[in-house]
Structure formats: structure tokens, C-alpha cells
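Please read these numbers as outputs of a predicted model, since none were measured by experiment. Per chain, numbering begins at 1; letters A, B, ... match sequence-line order.
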Amino acid sequence: MTGIGLSHILVVSIALFFIGVYGFLTRRNMIMMLMSIELILNSVNLNFIAFNKYLWANKMDGLFFTIFIIAIAAAEAAVAIAIIINLYRSHKSIDVEDASDLKF
Amino acid sequence: MFEKLSLSLIPLLPLLSFLLLGLFGRKVFKNFSGIIGTGALLASAGLSLSTAYNYFFVSGKVDGVYQKITALKITWLEFSPGVSIDIGILLDPISVMMLVVVTFVSLMVHIYSLGYMKGEERFSTYYAFLGLFTFSMLGLVMSSNIFQIYIFWELVGVSSFLLIGYYFDKPSAVAAAKKAFIVTRFADLGFLIGILVLSFNAHTLDFETLIQRLTDPNSEYMRSAIAPAFLGLSSLTWGLVLVFIGGAGKSAMFPLHIWLPDAMEGPTPVSALIHAATMVVAGVFLVGRLFPIFAISCPGALELVAYTGAFSALFAAIIACTQTDIKRVLAYSTMSQIGYMMFALGVSGYGNEDGLGYMASMFHLFTHAMFKALLFLGAGAVIHFVHSNEMNDMGGLRKHMPITHITFLIACLAIAGVPPLAGFFSKEEILLAAFHHNKLIYGIALITSGITAFYMFRLYFTIFWGKEFHSHGEHHGEGGVVMMLPLILLSLGAAFAGFIPFSQLVTSDGKPFETVLHLGFSIAPVLLGLTGIFIALRFYKTQNDLSEKISSSLSGFYKSAYHKFYIDEVYLFITHKVIFNLLGKPAAWFDKTIVDGFINRLGSSSEKISEETKTLQSGQVQQYAAYFLAGAIGLGIIFIYVLTLK
Amino acid sequence: MTAQDIIFYLLAAFTLVTGFLAVTTTKIFRSAIFLLFSLIGIAGIYFWLEYEFIAAVQIIVYVGGIVVLIIFSIFLTQEAGSNLPDTALSKKITGGLAVVFGFGFTLLQVLQHKFIGTTEQGIEPNVANIGNRMLGVNEFGYSLPFEVVSILLLAAMVGCIVIALKKPAEK
Amino acid sequence: MNLSLLIIIPLAAAIAVLLSRNGQQVKWISFLASLAQLGLSLFLLSAFMGERANGNVSQMLFEQRYSWFAPLNIEYYIGVDGISISMILLTAFVVLAGVLMSWNVEKMTKEFYFLLLLLSLGAYGFFISLDLFTLFFFLEIAVIPKYLLIGIWGSGNKEYSANKLALMLMGGSALVLVGIFAIYFMSGIHSFDMVKLSQVHIAIEVQKIFFPMLFVGFGVFTAIFPFHTWVPDGHSSAPTAGSMFLAGISMKLGGYGCLRVATYLMPEAAKEYAPIIIILASIAILYGAFATMMQKDLKYINAYSSVSHCGFVLLGIGMLTKTSIEGAVMQMVSHGLMTALFFAVIGMIYERTHTRKVEELGGLLKIMPFVCSVLFIVGLCSLGLPGFSGFVAEMTVFMGSWQNPEMFYRVATIAACMSIVVTAVYILRAVGKTAMGPITNEHFLQLKDAAWNERLAAIVLLLGIVAIGIAPFWLSDLVSPGAELIVNKIAGVIIY
Amino acid sequence: MMNELLLMKSELAVTAVIFILLFIKINDTTSNETVLKIVNALLVLNVAAGFCCVDITGELFSGMFKTNALIAFEKNLLNIGTLLISLLSYEWLRNHRHLPEFFVLMLSSLLGMFFMISSGNFLIFYLGLELSTIPVAALCNFDMEKRQSSEAAMKMIMSSAFSSGILLFGISMMYGTTGTISFAELPMLLTGSPLQIFSFILLFTGFAFKLSVVPFHLWTADVYEGSPIAVTSFLSVISKGSIVFIFLTTLYKAFAPMGEVWYNLIFLLSVATMIVGNLFALRQQNMKRFLAFSSIAQVGFILIGISGGGQNGISSSVYFVLVYIFSNLGAFGAVQLISSFSGKETIDSYKGLYQTNPLLSWVLTISLFSLAGIPPTAGFFGKFFLLASGAEKGNYILITIAALNMIVSLYYYLRVVRAIFMEKNEQPIAAIQGSIYEKAGLIICVLGIIAVGLYSPFYEYIYALSVF
């Protein structure tokens, strides 16, 4: 019916994954890092959905996994943002490179 | 026949006295420690004499041959079946003779010391040590086992150490004690290895078995022993030579003699006992003990004994002429005389008349013990009187100490070989044996005997004649009866011991034989002796500068002789420069820097690595994540591509 | 190439480009908006895959929740966060290299793999099916995870409140 | 005879020490406990001899066996043969003397005695263990008390020394650990039971790899070259009793382990590696002796000489003849007693003069005759004078070593023999300078001779030394069946 | 029905405690002391509850949740640890403004671990993992007024989010290649293809991250140092323990067909972990940071035990966790006590501690010795069994490296001991009078350290449980 198969979607998701990783590794703003994490999680979600759709449609494991990942992403983001805001209060900065008192 | 108990008591009584005085002497027996010591020794001497009588004249001889009797044998430490250290008592002519010599001289010294050492702070310690020495020496001579002899050998060494270092606050005494111990210890190393070699070949440590196995040319032990082992020599030769090295050390043979003169730092009676009459002849005794093996199985080793003895005799005699310390002169004289005994053994054969040298050596050992102890005790009396060891401080003492003078003179005549005193007889036998066997040695011996007469009388004249003695301050005469009695007794020995028919009693194979004194043969040595005496008389009887003239004309030789041919310096060089600097210091350095340094480096380098790598932990979350990613991908690569390749 | 393919390519390109812009733009607010677009793009792909329910959840939770949360937090930290100094070039390069390398490696692995799926009859991912299973306790029921997640959300809430709450004035 | 008492008494005493109220109580508890322990050891000796006289020929006597960690076949399995008994006796003597020598410890008395008792517990446990796990357990127990003893009550560069000691010994035991695992898994019987293990054959390849580990691991304890450097530092920094325990007991743990575990369980490898062991031992003997000559501190002198003396132990083991192994064990006992006494005397001198530098000492014989007499005796023992234990042990080693006819063994033996001369040099130098000669310091004149506790300690150790020196046959009889067993194992005769 | 409830008894108990605490919080009038009394009583009850009906084995929710005696025991261990942390942190907790929340979060995390341990598929596992992580990240921030605390929390949440992203990617690939998320079905479907290996490694990094295995450990020290000690000890003991347990289950069961891969992986990583952990611990001054690195090194040892496989692998690892709980909590407890009374956390400030606080010094010393593996403490037995388990595979190189690493670790543990006992200090830390709770906590730890080792039935019990 269509020429688009699993691999196409996987390429997209892997690319998205590494875009997220790139953002996580290079952006100094913590909120931006958080956003990169969201991209990573979305790429995983896409994986799950794609696998569920193309390979394992008989069960809905992938689908449910995605749903729970979305839920957890929300919780994680919430806690992370709370922490970032708290950090901002004490450091007056959300630059991740500034938050390196703890080292060596 | 031979009571184990009474035999054991001979050494054990002095030991008991040592223990009593050593443990409780300073508090409990403060006032009669001398009496205790002397009493113990008196008993011991009595027992020895009765043993000797019993052995020689009652029951020792079976079928005309003196038997070796093992009177006692206790297994002390068993190494392997058959090879064990036994503590035992072996009676044979030489050990019985030595028993007499040791107990007698020791008794004399004990008595003498009652006066000589009176008022010493560590009087009882002194007697304790004397007891220890006597015990060890008796144990040595009675040994039935080669390892037993080594044990007592060491004990003798240590008692010598203790007695030389008796005046322990004098640095020179301490140094001398250490030197004596270490030099003999070095020689003992040879002895020890020798024992190992012999025992390995003979599979026994027991003297009787050892001698029997190593003299029987057909025994399997012998075959392995005479096979060439190392550097072309058989292990038997090595063993004997090594054992002889031990003996040479104790007996102050060249070049291991350097400790003996220094040992004179000890109290004079000690010198008389240990460093003249008994301990120093242990080497001779040892060679005598193993004589059958030397003579029958390994004449080569015996040659070595002969030449070492002869050289030492001459060498020491020359040095003795130049020394000015009275005790040192006697010390070199001792060395020279022991050299005589040694080469006498060296030129001897085994059995019957062939064993003349052996007999003569033992004879000389016996007579020498008498006159040399007498000389030392006399010298002690002189030193006691003059408060100095230097000959220059003495002179004209004959009026002040007549008894000493007479006894000293007797001893001098005896050592010079003037008939009919004891030394004459024993020396003649030695010369005769040498003459028959080796002319070169005979020549050396002859010259030495002349020199001996010269330096002895040099000593005699300088002390008792020469310049007048000006007494300054108090002098307490010759010392009491306790000091004179031993002198007199010993002088009797020195005078008449020569008449003992030694060849009837002590021979190489236990069979008595007849000796004849060839008067014609005696002329040369006696004449030489008299010449020596005469020269000494000429030089030293009255004060004159003849001796200085001679010595300055021979200045180079004289000087080196005076400095004992620089042997000490050579040793000093070897020990300090070579051993300390080349072995000790590098070892210590190596330990500190390399071995220890390595361990420390191990610690410090891991800390360093830790410090260097700390930037890994940079505090940057993103960097952590990068490592994380790199780790994950890297492991992926490793596990997909690297580890599956095989 | 069918229209569906073209739609997919468009969606994919849209998602990736906006995603890429989201992590590279210097302006943080703009980056948030790009993120929003990217997430919507993914929702579009879900639609394309006929997973409408998931697409709806995606839009509601992400677009309606998380991105809003992020935007709020941007506002809260605006004075410091709006104009961060740019990332050091070296970091960009190393990060970029690592990512490119990782991307290549992963892609290689994935593309080399032969995926074999099931031949069984698929289940329609409609709301009824999902709802039944979500609260089911028997086989294929997901009520336990559901409970766990609810505890998780509770805990996260508690945590957020404690941390983010402004400290009361010191007495 | 319940062997566990040997562990229980120190343990109970240690607990009692912790609960006691003052220093005096602590000391008396420790003293009585160690006295009881000595009595027990002597009783053990007589019981053992009695059993043997009655014809009990089983390899180990008084065995006790309780399952400990059943899944791994770990047992609390104890028993003794002659070798262990001689070690136990040594420990008992040294501990008693050590306790007495510490009578003046005022700083943290309770802790001090607690650690001493713990250390002795480790040693006793080690010597009676027949299970490798138990053995290893006790081996390690004995390490940390030493660390604390040195670090807290020591002198000089104590923290450094303590660290070095603890780390090197632990390093040794780490190797031992690996070796034990190898034996456990490679023997095929999954057992730590030494008696059982001695009856199975471990593959030669396995032996070749793990014998060095075990031997070096235990060797570190007994100062095998080049892992001996903890010895000088550790001994010299330790408090008196610490040094006594360290040299007297702790170094023997290693020797015993080398013999009982490494050599006994891996005989073929022992044969294979014998030349290396011998070379290392000879190096240690001579090199230790030469290094000693250069030392200026009395404790360093004794420490380095311990390296040299312990070399005899390794030499004896390496020579692999019955006599030499017997000699090695005797040397362990002898050296333990002797060196403990030596350290005790050094401690006495140091406590009074506050110096251990040989140059600063002199003429002490006049001031403290008892102390110096003991110093003399122990010095003479150290240089191998007959009548003391050192002679007997060394001679046995020499005799045993000479039984190997090849040139290599001969050279090693001669090298070892040479050390007796070097030993004489440094001992006489040290002792001579310290006790003899002129008094170097006015203030020495006010010093007092040994107190009762010091006298008692010295006498206790001297009794041991002389008992062996005068009558070595009892020790030799005690040890030789054990040595024979090991040699038979090496020769390939397996006794079931 | 009753039976099914019993299967989840631990989870239900913890949930109940959480809700009770929420009610207390809503009430908000009770003083901290009272709350702590209640909390500790509840935790004791919780522990007690854990120990009844331990022999129940079964599954719920069609295999998503399962339990057996071993898992119940593991949960009990975690319960005990939590109780100990609560006891040991008394002083710090007493003064904290958000006490009930602290426990709510901590217990949520504990609950997450329970689910994780009991999980029968990746979903529950993942949810449990997140539930155990996210609240802890919040907890890291609980030293509200400290800068470092928020930094630690940030690092924690960022790293764990990143890690869970990668973990999820791995799970998704695993799902794609096998079609299941159930642990029970997984072994039959694993083929060992490269992608599976890769996804397994990605999955593994998720464990490795939580377990602080090198090179995924870098967050550990920073987070440990910045967080409140109570949280640090929770992270280093309870959290790691739970991961060890689930690790065992997944590796030995779900990934059994990939045995060779994970064996080599663990071999490599354990060597790296031991070495790096030890090297970094060498020069730490801050006690928390020091313990962080030392715990990394300990993980290296645990990995050796895990690598052994089979009954020995399980029992030795579980046993070590038991030992580790007592030892590490003993050490953390002492550090906590000192820190909350004097504010000092550096090793140098511990100099002369023995003069002022002998008992506390002994507790700390015994704990450290146990960590170092010195007999007669339990740590010795723990390490011995770990290494024995590893040695069973015949990999003596690994064992030797581990044994040598023990020396390095001893070196730095002794550094602390040295400071306490040997070095002098002008102003040592003043005498500390802890409360009854702290004393009780420390006493339990010390008793545990001594008894767990010497008294072999503990190990034998665990061994008996360690069967599948």
C-alpha cells in the first residue's frame, strides 16, 4: 500500500534521539537540557509505537509503554523544573556550567 | 670402670660453679665466690687426675693398645637416622691428657686469680666466666662427636670473648674481644662447612665411626669422599681443609692469628689459661683428633697443616723479637709454639714410629702448657707489680720479686729448649720428626728455635736485669702465697714434664713405642738456642744501644715486623673498605632506595594517578553525560565487533 | 510514491528540522516553540500511523502540559536564562562528533537487523481497547502500572511542592 | 583436650578487658589470661606427647569440627600436630612476655591490652586451623591490631610504618586469598579442609600458577625478599610489645603458612620453585645481614636481622628435606623467642635512656647489669651460640640443606652459613657498644635496672630459649613427624 | 484474595505508611519529635510486617508482579535499611521543616524499588525505577538552604533522566527485536543478534548508572556530597541494594541466553569500577565524597559476585548487600551524627576524634573495617563469598585484581582510622551525645556487622533462598 516501512520511522526516531542527545550535551541552559530530554523520550515513544504497529500489533505492550513514558516524562519534567527553579534561587543562574561546585 | 657420674662431673663442676656464681654470685656468694670456683675446679682436677691414672695405668690399655672408650653418649639432636649430635665422653690418650692439662692449668689460674683479681668489682663474674670456660674446654676435649666439638668450640670462643672483654669499660678490651670472636668465628665458618662436608660423606657425626669410615679405603663412604668434587679436589680434602681452617683460627695460625695479640687485653691469668695453655691448642687438638683421616686418607691436607704451622712459627717468632709489650711478646711466642705443634702433626705419619710427629706435637702441647702458663702467670705477677705492660717500664726486678724471677727463668729455659727442662725434650722430638720428613720445615724449625731463645731471653733480661727499677709509690710485693704457689707448681711442671715417657702413653694409633734421644742430633738446636740466649744477654742484660743499632740497620724489616707485617691493616682494609663499603653500604642503600623505594613509589604513584585523573570528575553534568554516551557506544562497539571477532 | 509517503516525509522532515532548531537556537523562548512544533510533528506521525489515541495524549500532555510547564519555568528564570553565553565551540564539536558517530553506529545496527514481526491478528488501538486493558487486572491488563504511576505522580507532586515552594520568611 | 580453649581464653580476656574499670585490672586480667594460656599450651604439649606415646598416630590430634558456612563447605575445623604445637608454645611464651613488658603502658591501657589479646587470638587461631577459610580468617584478624598498636602507641614515623605494614601484609593475604580459592575450586573437591586437600592431587598446571601466589603471600609475612621492607619500619616504630608480637609471632604466621599450606598442598610446585625460593632466601639471609651491619638504631638492627633469620626459615622450607624443614620450624620457634626477647631488652633500654641509637649508648652493663646480661644472652643466641635455641635451629637447617648434593644447593647453603659471621659482626658491634665501653651519658648513671615485670618477661622467654638450646631433642621429636609427612608428600608418597 | 494481598504485603505496608504520613502532613500540627516517633514506630511495624509470611511465592497481574521468599527477604533488607536511616538521621530530621514529606518521598522511592524487584516485565521495572529515582532527586534537594544540595539534585535528575532515556531506547529496541516486554518470555526470544547485544548494553547502562558502575558513575560523588547525608546513605545503600537484586533477576533469568556477553561486560566493568573507584577515593577529603567513591569500589566487588552466576552468585551478592547495609549505614550514621552536631565532614577534622568520642570512633572504625573486609567483621565474609562466587568461574585474573584492589581500599579506609586514632588535633570534635534513636541505630549496625558474619545461619538462610 505504501512504501514507508518500519525502517523509515526508525531512522526518524533515531535521528530525533541523537538530536536530543546533542542538545543535552551542548546546551548550557538547564531548561534547554530538559527540553532535549523530552526529545529523547519522544523518540523512544516513536520507536515503541512503530514497533507496535509494524511488528507486534497482536499485543499492545508498545502502546502502553508509550503512554506510561508520557506520564513519567511529565512527572520527571515537573520535578526537574522544581529543582531548576530552586537552583535558580540559590545560584541566580540556570547555566549548567555554573553549577559545578561539586567536583573532583 | 669409668664412672659415668665422675666423668660427667669433671666438666659439670665448673659449669655448676658458673651457674651459681653467674646467677647469684653478685649478691649471695659475694665473698666466697673465688673459693667456690676454685673448690669446684679442685674437685674437677682431682677427678681428672684419677681418670688419667685410671686410663693410662689401670684400665685404658687392652692388648697393649690404648682404647678409645666412649664412656657416655646421649643423643642430643637427631638430624636423620645415623646422623645426630650426641653429647658424649670419649676417652682416648689425647683427651685424657688434655683433661689433665686443662684442669691443672685452670686450677692454677683459679688459685692465682684469688690474689691477682682481689678487690675487683666483678670478682664473682670473673670466676663464673672462668668456670664457663673450663666447662667448655673440658667438653671440647671430651667430645665424642664432631658436632659436639663444634658446640664446645663455640662456647670456648664465647668464654674467651667474655674474658677478654672483662674490663668492659676499656674500649680497647671491647675491641679486642670482638676481634677475637669475629676472627675465630670466621674460621669456624670453615669448620662448620667442613663438618657438613665430612658428615655428608660419612653419614655420621660420631668421631669413631667417622674416622673408621673415612680411613677404610674400601668403604663406599670413602669412594664418594675421594671423588673429585670441586676445583679438582675431593670433598674429603675440602672437608679436612675446612676443618683445619677452623682449627687454625682458634690456634691463631697465620693468617688468622691477628686476634691473639689483641686478646692480651684480658686479665693476665686469663691469657695464661685461654690464650696460652688451653684454648689456643684446640686447633692442634682438633687436627690430632682427626689425625687418622688426615694421615691415612688425605696427606695433601696434612701438608697444608705442616706448612701453615711452620710458617706461623717463624713468622710469629720474628714479630715477637720486636714487640715491647710483655704480654704481646708472649702471645707471639705462643703462636710460634703452636706453629711447632701444628707442623709436627703435619710431618707425622700414622702408626708406630711414623707417628713420632704426632706424639711430639702432643708432648709439646703438654709441656708448652706448663711453661707458657708459667710465663704468663709470671708476667702477670710482674705487671701486678709494675702496673704496666711495657717492657720499657721494667728492669732489674730480680731483687724485688725473687720467686717470680726464678720461675720465669725456668720457663724461659724450658721454652728455649735447654736441656734437661721440659721444652727440650718435646722440641727435640719435633725436630727429629721434621728432619725425617721434610728438610725445609726442619730448617725453619731450627731457625725458629734460635729466635725463640733470643726473644725469650730478651724479655727475661729486660724485665729482671737491665736498668734498675725505681719503685715509685706503693708496691705490694710479689703477691701472696696464692700467687706464688701456682708459679712454683707450674715451674715444677716446666722443669720435669720432659721426663714423662710420652711415647708410651700418647701415640697416633694408641700403641706405645720407644723413642731414643740422639744426642748428636740435639747439638744443633741446643747450640742455636744458647746462641740466642747469648745474644740476648749481650744486648739486654745491661742497658746499651746495641739493639737499637741492629734494629736501625734493619730498619725496613724491623719496622714491618714491629707492625706485625701490617696484617692488621690488611684486615682492616678488607673489612672496612671492602665488606662495609662494598657490601654493607650498598645493601643498606639498595634496601632504602630500591626495594623500599619501589614500595613507596607504588603508593605515591597511585596517589599521583589519582591526582592526575581528577579532572575526569569535572563537576559538569554534560561531560558526565558525554562519558555515559561514549561508554555505552564504546561497549556496544567492543561487544559487537571486537569480542565476536574470535 | 503515494500521497501517504509524501505526508510522512513532510511530517518527518518537519519534526526533525524543528527538533534540530529547538536544540540549536540561541533564543530560549524560540527554542521552546520549536520544541512544541517538533512534538506536534510527532503527534502527526502518530496520526499517520493511525494511533489516534496516542496522538491525542501526545498533544494533551506534551503540548498542553509539559511545554507549558517549560514555558512557565522560562518565565520564572527569565532574567538569567534568556541570554546565556553561547556554548564553547569545542564542546559543540565534540558533542556533535559523538552524536554523529553514535547516530551512525545505531543506525547501522538497526538497519542491519532483520525485524521479524508477528503474523497474528492485530488489535485495534482504539479507545475502548485501550481503556479496557488500562484498568484490567487479568491478562494484558495494565492496572498495576497505572497504580504505580499514580503513586509516582503523587510523589512527584509532593516533591515539587516542597522544593519549589518559596521559603517562608525567616522568623 | 579442648583446643577451642586456646581461642576462647584470649577472647574472654579481651572482652573482660573491655569491661574492666581501670588499668590495673586490665593488666592483671591480661597477665592471668596469658599465664593460663601458657599453662594450657604446656598441658597441650604433654597431652599431645601422651597421646603419641600411647600410639595415636593420626596426623592431627584433638580435632574438632563444626560446620560453619555449610553451602561452601566451610568448617570450623581445628586440630594440632607437632608443628602447630611448637608454634602455639611459642605464641604462649611471647604473649606472656609481651603482656609483662607492657606493664608501663599508661596511654589507653585498655585498648592496648585488648589489641594485644586480639592479636594473640589471631595467632592461636591460625596455628590450630585445619580449614583454609578459618586459617585465612585468623590470619587477617592478626593484621589490624598490629596496625593500631603501631600507629597509636608507636614512636618515630609510626603512621607511615603502620600503614606500610598493614598494606603489605594485607597484600600478602590478598595473594593467599587467591591461592586459597584456586585450591578450593581446582582441587575438585570444593573443600577447605586441609587434611582432605592434602590427600588429593591438584593438577600441576594449577600448582604452578598458584603456588607462587600462596608462597609469596605468606612470604610477605615472613619477610621474603623483596617484600620485607615492612619489617624494619614496622618493628622500629612499634611499641615494645608490638615489636615482640610482630617479630615473635606474626612473622611466624607466614612461615607456617608457607609450609603448611603452600608447600604441603602443592608439593610438586614446591619442588619446581624450590630453586627460586632458595635464591630468595639466600639473598634475604645475606643481604639482610649486610644491611643490618649498616644500621644505627637498635630496633632496626634487630629488625633487619629478623629478615636475615627468617631467611633461614624460607631456606629450610625451600630445601625440602626433612631435616631442613624441621630446622625451619625450629628456627621459627627459636627466632620467635629470641627476637621477642631482643625487642623486650631494646624496649627496656629505650624506656630508660630514651634513645635507641647505638652511638649514643655505652657502658650500660655497669648501670643495669640484668638488662645488659639479657642483651648479651640474646645477642649470643642471635649469632647462634650453642646452648641457645638459635644454634640448634640454624644447624638443623644447615644439615638439612647440605643433604642436597647439587652444587646449587651447596652454594646456597654456604652463602647462608656465611651469615653467621656477618651476624657475629653486627651483633657484637651493637651489643658491645651498648653494654660495654665507657658510659656515654652522665644521666645514664641515675637509671635503674629492670623492674619485676621486665625481669619476669625476660626470664619467661629465656626459659624457652634455653629449653630448646639445652635440650633440642624434644622439639625435634615434636616437629619431625610433621616434617616427614610434608617431605613424603613431596616425594610422592601419599598417606591416607 | 487474602493470599493475593499477602503477596503484595510489603508494598501495601509501605503505601499505608505513605498515606498515614500524608494525613499527618495535612494535619500539620504535630511536632517533629512526635512525627519521628510515629514514623519510627511505623517503620518498625513495617519491618515486622515484612517478616511475617515470608514463604509466599506467586505472581499477580499475569506475571507483571511476582514474589518469592528471596524477593521478600530482599524487601525486608531494604526495609531494615530504611528504618536504620531514619534512626540514624534523627538529629538532622528533627530540625527539618518538611519531615513528613521527607518520609513520603523516601518511602515512595522504597515502594518503587519494591515494584522494581518484584517486576515481571520491563514496564513495571521501568516504572519502579523511575518511582525510586524521581523522589530521591527531590530528596537530594532537602538541605534547602545549601547551594550544593540543589546542585546535587539537579545533577541527579538530569543524569537520571538522560540515563533513563538511554535505558528506554534500549528497552524499545529489545521490544522491537523480541516482541515482548516480559522477563519470563524474553529468554526464549533472544537470538543474540548485534542489535540485541547493543540494546542489551543500553539497557545495562541503566542498571550501571544506578549502581554507579564506571564509566556511568560520574554523578555519584557529586550527588552524594551535595545531598543530605540521610539521602546519601539511602542512595548508596538502599538504592544500590535494590538494583543489585533486580540485576540478579534480570541477568540470571531474562538474559540467561546472553550469559557470555554479560559475563564479559561485568568482568570489564568491575575491573574498571574497582580501579577507578579506588583511585578516586584515595585523595578525597570530604567523608561523604570519600564514602561515595568507596561505594563505587564496593560495587566493583558486587559485580564480581554477580558474575559468578548460579546460586552462589545470588547468595553472595544478596548477602553482601545485607552486610553492606549494616557497614555502610554504620559509617554514614557516624558521619551523620558528627556532621549534624559539629558540621564537620572532612577527614582532617576527624583527627583526635577518639579522644573525645571513643565509642563513636569504634563504631565508625568497625564499619570502615567491615567495608574494607577485615575480619571478624561481616565485610570480610561478604567479600570472601563474593570473590568465591567469582572464582568459581575460574577467572583468576579478575580475582587477583580484586584482591589487590582490596589493599588500595584498605589504604584509604585506614586513612580515616589513622585520623581518628593516631593524629593529634588542637581542637578535636567535641563530645557528641546522640539521642536514643541514633544510639539504637548504631548499635544495630555494629551488632549486624559482627553477627551477620560470624553467625553462619544468616548466610545459610540466604543461600537456601537463592534458588529460582
Side-chain angles (χ1 to χ4, degrees), chain A residues 2-4 6-12 14-16 18-23 25-29 31-32 34-36 38-39 42 45-46 49-50 53-60 63-64 66-68 70-79 81-86 88 92-95, chain C residues 1-2 4-5 8 12 15-16 19-20 22-23 28 31-32 35 38-39 42 45-46 49 51 54 57-58 61 65-66 69-70 73-74 76-77 80-81 84 87 91-92 95-96 99 102-103 106-107 110-111 115 117-118 120-123 125 133 140 142 145 149 152-153 156 159-160 163-164:
Chain A
T2 163
I4 303 294
L6 176 63
S7 54
H8 292 75
I9 299 180
L10 287 184
V11 171
V12 174
I14 293 169
L16 199 61
F18 280 98
I19 289 172
V21 169
Y22 176 76
L25 292 183
T26 54
R27 301 316 304 260
R28 294 172 62 173
N29 190 316
I31 294 173
M32 300 269 290
L34 204 60
M35 296 195 303
S36 310
E38 300 305 336
L39 282 181
N42 267 289
N45 285 348
L46 194 51
I49 294 295
K53 162 96 184 167
Y54 285 96
L55 300 176
W56 315 106
N58 59 333
K59 285 187 286 179
M60 293 168 89
L63 187 143
F64 277 100
T66 307
I67 294 176
F68 288 112
I70 293 175
I72 284 180
E76 204 167 58
V79 173
I81 283 172
I83 289 172
I84 291 173
I85 287 174
N86 196 42
Y88 173 68
K92 294 285 165 258
S93 154
I94 50 167
D95 185 346
Chain C
M1 189 178 275
T2 64
Q4 274 203 323
D5 292 6
F8 173 76
T15 309
L16 290 180
F20 186 72
V23 298
I28 182 165
S31 146
L35 175 69
S38 182
L39 297 178
I42 290 171
I45 296 177
Y46 292 153
L49 286 168
Y51 276 56
I54 299 295
V57 170
Q58 167 89 357
V61 176
I66 297 176
L69 197 62
I70 286 176
S73 67
I74 293 173
L76 276 172
T77 59
L84 279 181
T87 316
K91 202 167 167 181
K92 274 185 183 166
V99 162
F103 176 69
T106 314
L107 204 58
V110 170
L111 293 182
F115 288 100
T118 180
E120 285 174 37
Q121 176 63 45
I123 299 168
R133 300 220 164 173
F140 307 123
Y142 281 85
V149 161
L152 173 57
L153 289 172
C160 291
I163 294 167

Which of A/Glu76, A/Lys59, A/Glu38 touches chain C most, by non-hydrogen pairs under 4.5 Å:
A/Glu38

Using a 4.5 angstrom heavy-atom cutoff, name the option from A/Leu10, A/Val79, A/Leu63, A/Leu34 with the most pairs to chain C.
A/Leu63

For the residue pair A/Ala57 and C/Thr118, what are the closest heavy atoms and their distance?
N-CG2, 4.1 Å

A/Ser7 versus C/Leu111: any side-chain heavy-atom pair under 4.5 Å?
yes

Heavy-atom pairs under 4.5 Å with chain C: which of A/Val12, A/Ile14, A/Leu39, A/Leu25 has the most?
A/Ile14

For A/Ala15 and C/Leu16, work out which heavy atoms get closest and say how close.
CB-CD2, 3.8 Å

Quick one, A/Leu46 and C/Thr15 - any side-chain contact, counting heavy atoms below 4.5 Å?
no

Using 0.5 Å steps for rounding, measure from the CE atom of A/Met35 to the CD1 atom of C/Ile66.
12.5 Å

Closest non-hydrogen contact found for A/Ala82 with C/Cys160 is CB-CA, 3.8 Å

Under a 4.5 Å cutoff for heavy-atom pairs, which residue among A/Leu16, A/Ile72, A/Ile83, A/Ile85 has the most contacts with chain C?
A/Leu16

Heavy-atom closest contact (A/Ile70 atom, C/Gln58 atom, distance):
CD1-OE1, 4.1 Å

Side chains of C/Tyr51 and A/Thr66 in contact at under 4.5 Å (non-hydrogen atoms)
no

From CG (C/Leu39) to CG (A/Asn42), nearest 0.5 Å
5.0 Å

A/Phe68 vs C/Tyr142 aromatic rings, parallel, tilted or perpendicular, using cut-offs 30° and 60°?
tilted

Side-chain heavy atoms of C/Tyr46 within contact of A/Ile49, under 4.5 Å
yes

Pair count under 4.5 Å, heavy atoms only, with chain A: among C/Val149, C/Leu152, C/Val110, C/Leu49, highest is C/Leu49

Side chain proximity check, C/Ile42 to A/Asn45, heavy atoms < 4.5 angstrom
no

Between A/Ile84 and C/Ser73, is any pair of side-chain heavy atoms under 4.5 Å apart?
no

Relative to the ring of A/His8, is the ring of C/Phe8 parallel (under 30°), tilted (30 to 60°) or perpendicular (over 60°)?
perpendicular

With respect to C/Thr77, which candidate in A/Asn29, A/Ile31, A/Ile81 satisfies the side chain to side chain contact (heavy atoms under 4.5 Å, CB included) definition?
A/Ile31

Rounded to the nearest 0.5 Å, the CH2 atom of A/Trp56 sits from the CD1 atom of C/Ile123 at a distance of 14.0 Å

Counting only heavy atoms closer than 4.5 Å, note whether A/Phe64 contacts chain C via side chain, backbone, both or neither.
side chain

Contact summary for C/Val23 and A/Ser36, nearest pair of heavy atoms:
CG1-OG, 3.9 Å

Could you report the tightest heavy-atom contact between A/Ala75 and C/Leu153, atom names first, then the distance?
CB-CD2, 3.6 Å

